[in-house]
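Read the structure below first, then the notes.
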Amino acid sequence: MLLAIDTSAGTSVAVVDLRGDVLAERSTDDTMRHAEVVGLLIEDCLREAGLDARALTGVVGGMGPGPFTGLRVGIAAARVFALGARRPFLPVISHDAIAWGRYQAGHTGGLLVVTDARRREVYWSAYSGTDAAGLPERSDGPGVAKPDVLLGEQWAHAGLPRFDAAAVSAGELGRVAALRLVEGHPFAADEALYLRSPDVTISAGPKRVSR
């Protein structure tokens, strides 16, 4: 059993077994209250699945790309829950979950996954298709760019079919992780993909106040 958590867009939590069945999933599109809701969603999912931490095989964390403030909440929650449950933390690129969902829905060949990066920018990941196990094969990215860049004819991935996603499903994130475990595939690096500096910066010191 896997507990999966993603806050790269809204907040999504799911419990998935190693066969890829989603036993429980809770999500909210609210991008401002990750910290307030993630604990409640975890509690609800475990209750619905009839599980406690001792029944888990691992805890899956969506590593983004995503905005700094929201993304770090889900990663921190997943890491802390894994530590408390004494289970491994399993990092998965959030865009891989979106791509997996599209391929499961029947898409074939190349694919460009795009999500909102705010500040009038977008995150993107390019995929060439799926491997023998059905896992998406990322050919480039994740990256961050202005929307106009992706529309340019000279852009490297201009010809790929594009899918704009408003949310990431923790159920799909967990299913990708389950398949990686079963197939013995490596997981992503344990590194949050903010792809740019946070909005908040450390103060350079007190400001001079003049009359």
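We find the CZ-CE distance between Phe89 and Met63 to be 4.5 Å, quoted to the nearest 0.5 Å. Remark: Arg54 CZ to Met1 CE distance equals 14.5 Å, nearest 0.5 Å. Glu121 contributes atom CD, which lies 12.5 Å from atom CZ of Arg118 (distance to the nearest 0.5 angstrom). A distance of 9.0 Å separates OG of Ser8 from CD1 of Ile75, quoted to the nearest 0.5 Å. Taking CD1 of Ile5 as the start and SG of Cys45 as the end, the distance is 9.0 Å to the nearest 0.5 Å. Atom CG in Leu193 sits 7.5 Å away from atom CG in Leu71 (nearest 0.5 Å).
A distance-only check finds a donor-acceptor pair linking the side chain of Arg175 to the backbone of Gly20 [under 3.5 Å]. Side-chain atoms of Thr7 come within 3.5 Å of backbone N or O of Gly70 as a donor-acceptor pair. Of the possible donor and acceptor atoms, none in the side chain of Thr130 sits under 3.5 Å from a partner among the backbone N and O of Pro136. The closest donor-acceptor contact from the side chain of Glu48 to the backbone of Ala24 lies at 3.5 Å or more, if one exists at all. For the pair Ser12 (side chain) and Ala170 (backbone), a donor-acceptor distance under 3.5 Å is present.
Contact annotation: the side chain of Pro161 never approaches that of Tyr127 to less than 4.5 Å [non-hydrogen atoms, C-beta and beyond]. Residues Glu172 and Asp6 have side chains not in contact (no heavy-atom distance under 4.5 Å, counting atoms from C-beta outward).
Both Leu41 and Phe81 are part of a single hydrophobic cluster, where members link through side-chain heavy atoms under 4.5 Å apart.
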Discussion item. Show, in sequence, the C-alpha distance, side-chain angles and deciding distance for His95 and Val168, and conclude whether the side chain to side chain contact (heavy atoms under 4.5 Å, CB included) test is met.
Written reply: CA-CA 8 Å; His95 278 187; Val168 178; 5.8 Å; no

*Derivation of the side chain to side chain contact (heavy atoms under 4.5 Å, CB included) call for Arg26 and Val37*: CA-CA 10 Å; Arg26 295 284 187 278; Val37 302; over 6 Å; no

- Task: Could you give me the CA-CA distance, side-chain angles and deciding distance for Thr11 and Asp30, then say whether side chain to side chain contact (heavy atoms under 4.5 Å, CB included) is met?
- Result: CA-CA 7 Å; Thr11 303; Asp30 192 334; over 6 Å; no

Applying side chain to side chain contact (heavy atoms under 4.5 Å, CB included) to Leu2 and Leu181, what does each step give before you reach the verdict? CA-CA 10 Å; Leu2 300 174; Leu181 276 176; 3.9 Å; yes

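Closest heavy-atom contact between Ser139 and Ser128: OG-N, 4.1 Å. Residues Asp17 and Ala178 share a closest heavy-atom pair of O-CB, 3.8 Å. In terms of heavy atoms, Val144 sits closest to Ala117 at CG2-CB, 4.1 Å. Heavy atoms only, all atoms of each residue included: Leu173 and Gly61 are closest at CD2-C, 4.0 Å.
A side chain to side chain contact (heavy atoms under 4.5 Å, CB included) with Tyr123 holds for exactly one of Asp116, Val114, Leu195; it is Leu195.
Under the salt bridge (Lys or Arg N to Asp or Glu O under 4.0 Å) criterion, the residue pairs touching residues 126-147 are Asp96-Arg138, with sequence neighbours excluded.
Between Trp124 and Trp155, the ring planes are perpendicular. Angles over 60° get that label, and only those under 30° would be called parallel.
Residue Asp29 places its CG atom among 12 or fewer non-hydrogen atoms of other residues, nucleotides or ligands, all under 6.0 Å distant.
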For residues 98-112, which side-chain N or O atoms pair as donor and acceptor with protein atoms under 3.5 Å away, sequence neighbours left out?
| unit_1 | atom_1 | unit_2 | atom_2 | d |
| --- | --- | --- | --- | --- |
| Tyr103 | OH | Gly109 | O | 2.7 |
| Tyr103 | OH | Gly129 | N | 3.4 |
| His107 | NE2 | Gly110 | O | 2.7 |

